Amino acid sequence: MKVAVLGSGIIGTATAWWLSQAGHDVVVIERESGPAQETSRANGGQISVSYSEPWANPRMPLRLIKWLLAENAPISFRPRLDLGQWAWGLAFLRECLPSRLAPNIRAMVAMSEYSLATLRHMRAELGIEYNHLERGILNFYQDPVEFDASQDAADLMRDFGLDRRIVTADEVVQIEPALAPARATIVGGDYTADDESGDIYLFTTALARLAQQAGVEFRFSTQVSRLLAAGGEVQAVELIDSRGLYETLQADAYVAALGCWTPQLVGPLGVRCPVYPAKGYSATFDVVDPMAAPSVSLTDSAHKVVYSRLGGQLRMAGFAELGGYSRALNTTRCENMREMARALFPSALDFDNVRFWSGLRPSTPSNVPLIGRTRIPNLYLNTGHGTLGWTMGVGSGRALADLISGNRPEPEFPFLG
């Protein structure tokens with residue numbers, strides 16, 4: 001078939017790659033000048049199978065009330081006159097019910113495990129270099145109450161077969177000696193040796209180049225305007241090219257992988273897509289003292305931020321602002337990130353030349369992504385991965401390529417359609 005993939009972040013690029021490998025004629029439409037320029041540009045770098053936990057859980061409603069007026073809250077809700085935002089928020093509260101937690105985690109873990117296995121296969125076969133490290137993920141706690149509560153989450157992950165083990169404060173520093181300056185404030189942690197980290201931008205751009213060599217056509221600087229439907233199917237996609245001229249593209253199947261802009265594209269066709277943007281921040285520091293900078297990927301539980309070593313840089317990322325589609329940087333947040341990093345790694349980084357960034361994570365209320373066929377037979381979704389786009393990305397692309405090809409995907413996952 002001829003398949004049009006709309007979007008070239010990690011999700012769209014991986015989908016295009018696996019569709020091409022299955023023998024399809026693939027064209028990718030991207031409004032930016034190249035792949036991975038938006039949400040896949042500068043994330044936290046973690047491939048965190050063992051931390052595939054939904055934001056929606058029974059403890060979250062009280063936390064959100066506590067964080068509502070806090071300027072530097074890990075998750076903040078900025079109310080707007082936006083029906084989509086409020087509908088998403090109500091659905092999120094439903095997903096916080098105790099009965100929803102285990103099914104959501106089961107789905108997320110299944111896709112995350114499959115995606116990591118797929119990534120390792122691709123890395124071995126394709127030889128893509130992306131500053132990856134296989135040193136695990138270490139979650140450290142500075143609040144005894146948070147540390148005690150975390151043990152329930154670790155127990156639940158072990159129930160799903162993931163080796164997320166509780167470690168003492170001394171073991172935290174043994175696993176990552178760069179945390180020694182903060183030892184007095186650390187009360188414990190949990191660690192998963194099988195998780196990984198790496199640069200999503202380097203991987204995605206390299207995969208896009210390989211896909212082009214394999215025959216995938218990428219049309220950059222091309223805006224998706226709308227889907228044209230008739231007779232119960234999508235007949236074409238309307239595009240605006242780099243010169244501002246309109247054209248239409250016809251295909252046998254269409255994949256909407258536009259992140260948080262996907263609902264705006266498919267909504268006019270009556271396709272439900274409960275995805276809303278959660279703005280996240282990152283800060284990239286040059287490492288000036290490699291021995292004082294971490295090489296194990298870290299999660300600071302108190303502030304809900306992560307740190308990943310990417311070659312000669314350290315990437316810090318976190319926060320979630322549910323307040324619309326603006327990517328404007330909040331100066332207060334940026335400065336707080338700089339000071340948090342300085343407190344942990346005072347001599348390791350160049351704090352004067354930080355590169356701040358923000359991206360809009362496409363989030364579903366359950367944090368379970370939307371993958372599969374819509375009510376329109378030749379229109380497919382691959383979106384809603386939230387903070388786990390890197391963790392689930394290549395597996396989601398491979399699974400959707402199987403579905404489009406008429407094959408049953410490997411992971412046990414609640415696919416659409």
Side-chain angles (χ1 to χ4, degrees), residues 9-11 39-40 43-44 46-61 63-64 67 73-77 84-85 87-116 137 139 150 152-154 156-157 159-160 162 164 195 200 257 259-260 262-263 272-280 299 301 304-306 317-323 359-372 381-393 395-396 399-400 411-416:
I10 182 62
I11 307 300
T39 309
S40 297
N43 75 357
Q46 289 189 342
I47 302 164
S48 49
V49 177
S50 299
Y51 296 90
S52 297
E53 304 171 38
W55 293 341
N57 61 70
R59 300 176 63 205
M60 187 53 70
R63 286 183 173 182
L64 287 176
W67 291 336
I75 300 176
S76 58
F77 182 77
Q85 182 193 51
W88 190 96
L90 290 173
F92 178 86
L93 291 176
R94 287 196 297 272
E95 294 295 336
C96 290
L97 293 172
S99 62
R100 297 297 306 143
L101 184 61
N104 289 341
I105 291 179
R106 184 177 297 110
M108 295 168 69
V109 168
M111 184 54 70
S112 296
E113 285 188 309
Y114 176 66
S115 192
L116 178 56
I137 293 177
N139 196 348
S150 75
D152 291 338
L156 185 57
M157 286 299 173
D159 289 342
F160 286 104
L162 301 173
R164 181 168 153 183
D195 286 340
I200 186 174
C260 55
T262 306
R272 184 174 176 271
C273 183
V275 167
Y276 197 77
K279 182 166 72 174
T299 299
S301 177
K304 299 295 187 290
V305 297
V306 304
F319 303 119
E321 292 181 2
L322 296 159
L360 301 178
R361 310 182 190 103
S363 302
T364 64
S366 66
N367 284 152
V368 178
L370 305 173
I371 307 170
L381 299 183
N382 201 351
T383 189
H385 297 73
T387 59
L388 296 173
W390 191 198
T391 300
M392 299 185 186
S396 297
L400 184 59
E412 291 294 327
F413 183 85
F415 294 104
L416 304 175

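Predicted, not measured: the structure shown is a model, and the values here were computed from it. For reference, positions follow the sequence shown, starting with 1.
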For Arg63, I'd like to know if atom CZ has over 12 heavy atoms of other residues, nucleotides or ligands within 6.0 Å.
yes

Nearest heavy-atom contact between Ser48 and Leu388 is OG-CD2, 3.6 Å

Determine yes or no for a side-chain-to-main-chain donor-acceptor pair under 3.5 angstrom, with Thr262 supplying the side chain and Ala257 the backbone.
no

Salt bridge (charged side-chain N to carboxylate O under 4.0 Å, His left out) pairs touching residues 93-114, sequence neighbours excluded, are Glu95-Arg100

How far apart are the closest heavy atoms of Asn104 and Pro54, and which atoms are they?
CB-CG, 4.3 Å

With heavy-atom distances below 4.5 Å as the criterion, would you say the side chains of Tyr51 and Arg164 are in contact?
yes

Would you name the heavy atoms of Pro58 and Leu101 that are closest together and state the gap between them?
CD-CD2, 4.2 Å

Candidate pair Leu322 and Phe92, rule side chain to side chain contact (heavy atoms under 4.5 Å, CB included), full reasoning
CA-CA 12 Å; Leu322 296 159; Phe92 178 86; over 6 Å; no

For the backbone of Met108 and the side chain of Ser112, can you confirm whether one donor and one acceptor N or O come within less than 3.5 Å of each other?
yes

Run the side chain to side chain contact (heavy atoms under 4.5 Å, CB included) test on Ile11 and Thr383 for me, step by step, so that the C-alpha distance in whole Å, both residues' side-chain angles and the decisive distance to 0.1 Å come before the verdict.
CA-CA 8 Å; Ile11 307 300; Thr383 189; over 6 Å; no

Contact summary for Lys304 and Pro74, nearest pair of heavy atoms:
CG-CB, 3.4 Å

Nearest heavy-atom contact between Met60 and Trp67 is SD-CZ3, 4.0 Å

Give a yes or no answer on whether the side chain of Ser115 reaches the backbone of Met392 with a donor-acceptor pair at less than 3.5 Å.
yes

If we ignore hydrogens and angles and just use 3.5 Å, is the side chain of Trp88 paired with the main-chain N or O of Ser363 as donor and acceptor?
yes

What heavy-atom pair brings Trp55 and Ala320 nearest, and what distance separates the two atoms?
CH2-CB, 3.7 Å

